[in-house]
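Worksheet: the structure to be examined is printed underneath.
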Amino acid sequence: MGLYSLITGRRGPSGFGSASTAEEVTQGIDATHLTAIITGGTGGIGMETARVMAKRGAHVVIGARNIGASENAKTEILRQNPNARVTLLHLDLSSFKSIKAFVRDFHALHLPLNLLINNAGVMFCPYQLSEDGIELQFATNHIGHFLLTNLLLDTMKSTAKTSGVEGRILNLSSIAHIYTYPEGIQFDSINDICSYSDKRAYGQSKLANILHANELSRQLQEEGVNITVNSVHPGLILTNLFQHTAVLMRFLKFFSFYLWKNIPQGAATTCYVALQPSLKGVTGKYFADCNEVTPSKLARDETLAEKLWDFSVKLIKSVSKQNYLGFEDTN
């Protein structure tokens, strides 16, 4: 799947391509037996993913920071589909406290968990630290989802075992993963303001998304767990992610309109990887335009993936007052 396919919408081996929509790639799929968590499902491709998943019958749990936007998203989904099952929970991925509260609130619902779609993110932010003292793009896009996934993993394993239905975890990455710092991940200077580049920091976090998915996939395969883990590039879509560079992005879009997708097309790859029966057992892969593609050399580095995993665990422990799998903070 190259530039020609992106521009023309030519379909790949999956039967779908860059012009395919989320509804098209899930046509005829019954997801009524599934429960899915989608982070950041209040607008853009996250909301479209939630809408289509709910349309196919899944019980969708939206985790989002803005409760007002969540309510609006739920109202719109229900307007189009009165039978949709949508639950809203507060989630700020830049805050360990919020992530732990979200997981506690989800567990209180006593729901199974089949699908975890790590969709939310921030992009091209001016330098700032999260409330836990971690550079914001790395904190939100990678560390937040890393912690969330680990806290929900036992529930997913239990659901997969008791239901016999394959669980699936998806990390939304980006083609931007190729534009990162020279070493890939700045392990020794994650919070270094002097070397900070908003574009490279974003690329670093998107590279981390792929490495996280690959390493978790390896671990689950080793355990023999019936859960797959993959990462996806949704494509270029002008959403609120570009709030820090909106004028520049609109200018670039004017001269490269043929490279950009609309929101239904942008949500297609996520919905395809989450629901397509043909992907049963496919894990540790990277998808774009609803087809498997090869990510960068750094994204395929198994040693780097293991190092990132260990680094992420240690980083979370270093700013938390108890084991990162705990739910209560001590003062």
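None of these values were measured; they are calculated from a predicted model. All heavy atoms count here, side chains included; hydrogens, waters and symmetry mates do not.
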Check your understanding: Around atom NZ of K157, are there more than 12 heavy atoms of other residues, nucleotides or ligands at under 6.0 Å?
Key -> yes
Review point. More than 12 foreign heavy atoms under 6.0 Å from CD of Q80: is that the case here?
Key: yes
Do the ring planes of [X] and [Y] sit parallel (below 30°), tilted (30 to 60°) or perpendicular (above 60°)?
X    : Y    : value
F102 : F106 : parallel
F311 : F187 : perpendicular
H212 : F146 : tilted

Between [X] and [Y], is any pair of side-chain heavy atoms under 4.5 Å apart?
X    : Y    : answer
R200 : T180 : no
L315 : I143 : yes
L152 : V103 : yes
L91  : D105 : no
V273 : R168 : no
Q265 : S18  : no
T269 : H233 : no
S217 : Q221 : yes

Review point. Hey, are R11 and E24 close enough for a salt bridge, meaning a charged N less than 4.0 Å from a carboxylate O?
Key: yes
Review point. Is the shortest distance from a Lys or Arg side-chain nitrogen in E23 or R51 to a carboxylate oxygen in the other one below 4.0 Å?
Key: yes
Nearest-0.5 Å distance that lies between atom [atom1] in [X] and atom [atom2] in [Y]:
X    : Y    : atom1 : atom2 : value
H145 : S312 : NE2   : OG    : 13.5 Å
L298 : Q204 : CG    : CD    : 11.0 Å
L153 : L216 : CG    : CG    : 6.0 Å
N118 : S231 : CG    : OG    : 11.0 Å
Y202 : Q137 : OH    : CD    : 8.0 Å
Q186 : S197 : CD    : OG    : 9.0 Å

Please tell me whether [X] and [Y] are part of a single hydrophobic cluster in this structure, the criterion being side-chain heavy atoms less than 4.5 Å apart.
X    : Y    : result
L170 : I62  : yes
L116 : L111 : yes
V122 : Y179 : no
F287 : I117 : yes
Y181 : I175 : no

Least distance between heavy atoms, [X] atom then [Y] atom:
X    : Y    : answer
M53  : A36  : CE-CB, 3.8 Å
N119 : G46  : ND2-CA, 3.5 Å
D30  : T32  : OD1-OG1, 2.8 Å
L93  : I99  : O-CD1, 3.6 Å
S20  : A268 : O-CB, 3.4 Å
A50  : I77  : CB-CD1, 4.1 Å

Looking at residues at least two apart in the chain, or sitting in another chain, which of them share a side-chain contact (heavy atoms from CB on, under 4.5 Å) with [X]?
X    : result
N226 : A160, E166
Y127 : L129, E135, N191, I193, Y196
K74  : L78, V86, L88

Review point. Checking D132 side chain against F96 main chain: does a donor-acceptor pair fall under 3.5 Å?
Key: yes
